Amino acid sequence: MHGRPICWKGPIPIPDYLFWSLLIIILLFTSHGCCKSAVYKGYRLTLAVPVEYSVGFIGRAFLMETEQIVPNFKAALSVEAVNGRFACSIEVFLGDFKVWNSGHYSRFYVSEKCVLELTENGDLHLMGPNERIGWKTGTSGQGVERLQIMKTGNLVLVDSLNHIKWQSFNFPTDVMLWGQRLNVATRLTSFPSNSTAFYSFEIQRDRIGLFLHSGKWNYSYWEFKPSKNRNISFIALATNAVEIFNDIGKKIAQVSIQRLHTLRFLALGNKTGNLGVYYYSANEENFQASFQAINATCDLPLACKPCAICTSSNACSSIGVLKKKEETNSDCGIGGGGVADGFCGGGWDDQVEMLELQGVSSVLRNAHKMVNISKAKCADLCMNDCKCVAALYASDEKECSVYGLVMGVKQVEQGSGLSYMVKVPKGTQKNHEKSNVKKWVLILVGVVDGLIILLVFGGLAYYLIQKRRRKLLLAATNNTT
């Protein structure tokens, strides 16, 4: 294999009884050179797991790779330090970029060892101590002969006739590779750290779209629809576009990408929730984005934390509507960091009110909408619904949208006719108004003070200039005399 087949990061406190098994694995891989593109029934690989937890630790044994130009695909057995424990998984890489992971949705935590085995019955297992199975393909008795990695990056189990019995392409994670299809009702998902929310890229009958999920609430924040209301069956990545097909396999639309590069994969970002399409740059020796669905920071759903506003300068400003901020961990007067979980217990309706914010909107779509109603009625609808925490009113259309989340809030131009109203503890409105009055008083005092200072320094400068000018005139007169 090219490069180091086993890559350890961080300290490795391994007991003596595991040292020799690890050494055997290292010698096995380094002595035989390049990994093959397949392994057969009866194959078994063991990775030792450190005794002590070490943040950032990653141990990998690469077992297969494709024969193609760099970057190529590689499959690995991996042990990684996650949340105070060690996760065992099978991974697929394109170069150094991870494109598939067996533990994407549910991690398998182990101690002592992580074992990969393709059984004589054709089932692929991940196991921990005492042969405890934490993940499997469920292909026992289907005639599986080998595990193979294809040139497309698809990890497959095939029988003696090369019929695929299981494939990683059927279990998408956060990446879609060139040559892979995403059918209706499938999706890519990503999970931002330090958040209970997650993102998804979904294929629906009438659209493809990006969604934010938090608890039971689901809102889209970007979408693309084929014209003429045509139905979608699946999408695929072409060399210069994301192509959309109908039920008979005919292309009905595409998201064009204006770059002269061969596209390699589409990915949903874990941090931002943005959708990107990437190509490999030989000059930079890494992957670069040819296309991103969202180009403005404030159009991302979690550009700011819950209950904060993304401003026109791409900064985050807290709504700041608490009576006492220390009374709760939330940044606005609702429970759960911007989620409606504190209003449905009875007696709440006499303790809250709606705080109106002008020139503010939300990037979250497909909220419950009502038309031909007034702003006051819109506020009342949210007030009377314990599951509502915010409402957006568009005065031009007389349209009201109600939300169960205070996320994706951004500043828009004044005069847009949009009013964003947040459910807050009663009395906050007056405190907010007092705060605004105080702010304007401070601004006014500052302006007056500035003018006074300007006049004083301006007058002093004028006096000095005039004095100097008189001296020069007097000197000129004396010289003439």
Side-chain angles (χ1 to χ4, degrees), residues 34-45 61-68 71-78 88-95 97-106 108 115-127 133-189 201 203 232-239 242-249 263-267:
C34 181
C35 296
K36 297 180 180 180
S37 61
V39 296
Y40 292 81
K41 289 189 305 183
Y43 179 84
R44 186 181 177 101
L45 175 64
F62 290 99
L63 53 141
M64 295 183 295
E65 68 176 353
T66 56
E67 297 178 357
Q68 63 193 66
N72 64 347
F73 289 100
K74 296 175 284 188
L77 179 63
S78 173
C88 169
S89 63
I90 307 172
E91 299 174 326
V92 176
F93 291 84
L94 176 56
F97 189 85
K98 187 189 301 182
V99 296
W100 188 81
N101 182 353
S102 64
H104 181 73
Y105 289 101
S106 179
F108 172 43
V115 181
L116 171 70
E117 180 180 22
L118 181 55
T119 69
E120 293 294 341
N121 290 328
D123 208 2
L124 187 65
H125 292 170
L126 282 178
M127 298 182 294
I133 298 174
W135 178 91
K136 64 180 182 179
T137 55
T139 50
S140 179
Q142 297 184 30
V144 168
E145 289 290 325
R146 66 184 183 276
L147 173 69
Q148 182 174 345
I149 187 165
M150 312 293 285
K151 291 184 178 180
T152 57
N154 193 11
L155 194 64
V156 299
L157 288 171
V158 298
D159 62 15
S160 57
L161 299 177
N162 288 327
H163 294 155
I164 294 176
K165 299 299 181 178
W166 177 92
Q167 57 182 328
S168 61
F169 273 12
N170 285 345
F171 302 90
T173 54
D174 55 356
V175 172
M176 182 180 76
L177 294 168
W178 189 92
Q180 184 177 6
R181 290 182 177 184
L182 286 183
N183 299 322
V184 166
T186 62
R187 62 184 186 178
L188 304 181
T189 56
F201 170 60
I203 319 303
I232 300 172
S233 177
F234 65 91
I235 70 168
L237 188 62
T239 56
V242 178
E243 297 182 334
I244 301 174
F245 298 84
N246 62 12
D247 294 334
I248 60 174
L263 304 178
R264 300 301 300 271
F265 61 85
L266 176 152

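Treat the numbers as computed from the prediction; the structure is a model and nothing was measured. Positions are given from 1, in the same order as the sequence printed here.
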- For His104 and Pro172, indicate whether the former's side chain and the latter's backbone hold a donor-acceptor pair under 3.5 Å. no
- Query: Between Ile149 and Ala75, what is the shortest heavy-atom contact and its length?
  - Reply: CD1-N, 4.0 Å
- Task: Taking the side chain as every heavy atom from C-beta outward, state whether Leu147 and Val156 have any pair of such atoms under 4.5 Å apart.
- Result: no
- Message: Measuring from atom CZ of Phe97 to atom CZ of Arg264, what distance do you get when rounded to the nearest 0.5 angstrom?
- Response: 12.0 Å
- Side chains of Ser37 and Thr66: closer than 4.5 Å at any heavy-atom pair? no
Identify every side-chain donor-acceptor pair in residues 115-124 under 3.5 Å, counting partners at least two apart or on other chains, and give the distances.
from, atom 1, to, atom 2, distance (Å)
Glu117, OE1, Arg44, NH1, 3.2
Thr119, OG1, Asn121, N, 3.4
Thr119, OG1, Gly122, N, 3.4
Thr119, OG1, Asp123, N, 3.0
Thr119, OG1, Asp123, O, 3.2
Asp123, OD1, Thr137, OG1, 3.0
Asp123, OD1, Gly138, N, 2.8
Asp123, OD1, Thr139, N, 3.0
Asp123, OD2, His125, NE2, 3.1

- Correct closest heavy-atom pair for Phe62 and Lys74 would be CD2-CB, 3.8 Å
- Query: Only one of Glu65, Glu67, Lys151 clears side-chain hydrogen bond (donor to acceptor under 3.5 Å, both in side chains) with Asn72; which?
  - Reply: Glu65
- Task: Begin from the C-alpha positions of Ser168 and Asn154 and carry the test side chain to side chain donor-acceptor pair (under 3.5 Å) through to its verdict.
- Result: CA-CA 6 Å; Ser168 61; Asn154 193 11; 3.2 Å; yes
- Walk me through it: do Leu266 and Phe201 pass the test side chain to side chain contact (heavy atoms under 4.5 Å, CB included)? CA-CA 10 Å; Leu266 176 152; Phe201 170 60; 4.2 Å; yes
Could you pull out every donor-acceptor pair under 3.5 Å between side chains of residues 173-185 and any protein atom, sequence neighbours left out?
from, atom 1, to, atom 2, distance (Å)
Trp178, NE1, Leu237, O, 3.3
Gln180, OE1, Leu177, N, 3.0
Gln180, NE2, Phe169, O, 3.3

- What pair of heavy atoms forms the shortest contact from Trp135 to Trp166, and how long is it? CZ2-CZ2, 4.0 Å
- Answer whether the closest heavy-atom distance between the side chains of Val144 and His163 falls below 4.5 Å. no
- Item | With sequence neighbours excluded, residues passing salt bridge (charged side-chain N to carboxylate O under 4.0 Å, His left out) with Lys136 | none
- Shortest non-hydrogen contact between Ala236 and Phe245, atoms and distance: CB-CE1, 4.1 Å
- Query: Is it the case that Asn101 and Ser89 place a side-chain donor and acceptor less than 3.5 Å from each other?
  - Reply: yes
- Quick one: closest heavy-atom pair of Arg187 and Tyr105, and the distance? O-OH, 4.1 Å
- Task: Could you grab the distance from atom CG of Leu63 to atom CD1 of Ile90, nearest 0.5 Å is fine?
- Result: 8.0 Å
- Query: Would you say the side chain of Phe73 lies within less than 4.5 Å of the side chain of Val92, judging by non-hydrogen atoms?
  - Reply: yes
- Under the side chain to side chain contact (heavy atoms under 4.5 Å, CB included) criterion, do Lys41 and Glu145 qualify, and how do the steps go? CA-CA 6 Å; Lys41 289 189 305 183; Glu145 289 290 325; 3.6 Å; yes
- Task: Check whether any side-chain heavy atom of Phe93 sits under 4.5 Å from a side-chain heavy atom of Trp100, and report yes or no.
- Result: no
- Non-hydrogen atoms of Ser78 and Glu91 that approach each other most closely: CB-OE1, 3.2 Å
- Task: Start with the C-alpha distance between Gln148 and Val158, add both sets of side-chain angles, then the distance that settles side chain to side chain contact (heavy atoms under 4.5 Å, CB included), and finish with yes or no.
- Result: CA-CA 8 Å; Gln148 182 174 345; Val158 298; 4.1 Å; yes
- How about Leu77 and Leu126: do any of their side-chain heavy atoms sit closer than 4.5 Å? yes
